[in-house]
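The structure appears right after this line, and notes come after that.
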Amino acid sequence: MRLFRQASALLKETGVGFAYVDVLSAPFIREALPKVSHWPTFPQLFVAGELVGGSDIVEELAQQGRLQPLLAQAAVKPAEA
């Protein structure tokens with residue numbers, strides 16, 4: 001659970017909205033996702049449908065100042081009126 005909380009906190013610090021799936025309470029997803037993503041551990045961060053990596057990668061990107069721009073670039077923008 002520590003890794004989930006840590007990754008979530010780093011994502012929240014960016015100020016960019018995000019969605020998540022609680023794989024611990026979704027057995028089907030928990031079992032299938034590593035086969036699809038080819039990443040064996042959780043959490044897994046996907047941005048614009050692409051796997052970025054696990055909590056270690058999220059932490060590294062945040063330390064390098066690259067997490068916020070990565071998320072902001074992929075963020076859904078409201079339609080202009």
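For this chain, numbers begin at 1 and follow the sequence in order.
In this structure, CD in Gln6 is found 9.5 Å from CG in Asp56, a value given to the nearest 0.5 Å. Put simply, CD on Gln68 and CD on Glu13 are 11.5 Å apart, with the number rounded to the nearest 0.5 Å. If you take CZ on Phe42 and OG on Ser55, they are separated by 12.0 Å, rounding to the nearest 0.5 Å. Here the straight-line distance linking atom CD of Gln64 with atom CD of Glu59 works out to 11.0 Å at 0.5 Å rounding. Taking CG of Asp22 as the reference point, atom CZ of Arg30 lies at 9.0 Å (rounded to 0.5 Å).
Residues Gln73 and Val47 fail the side-chain proximity criterion, which asks for heavy atoms closer than 4.5 Å. Within the 4.5 Å cutoff, side-chain heavy atoms of Phe46 are placed close to those of Leu33. Between Leu67 and Leu45, the closest side-chain pair of non-hydrogen atoms falls below 4.5 Å. Contact annotation: the side chain of Tyr20 never approaches that of Leu11 to less than 4.5 Å [non-hydrogen atoms, C-beta and beyond].
At least one donor-acceptor pair under 3.5 Å links the side chain of Gln44 to the backbone N or O of Trp39.
By the rule that hydrophobic residues join a cluster once side-chain heavy atoms approach within less than 4.5 Å of another member, Leu3 and Leu10 end up as members of separate clusters. Note: the hydrophobic cluster containing Val36 does not contain Leu51 (ILVMFWY, side chain heavy atoms under 4.5 Å, direct or indirect links).
A side chain to side chain contact (heavy atoms under 4.5 Å, CB included) with Val52 is found for one member of Leu71, Val58, Leu61 and no other, namely Leu61.
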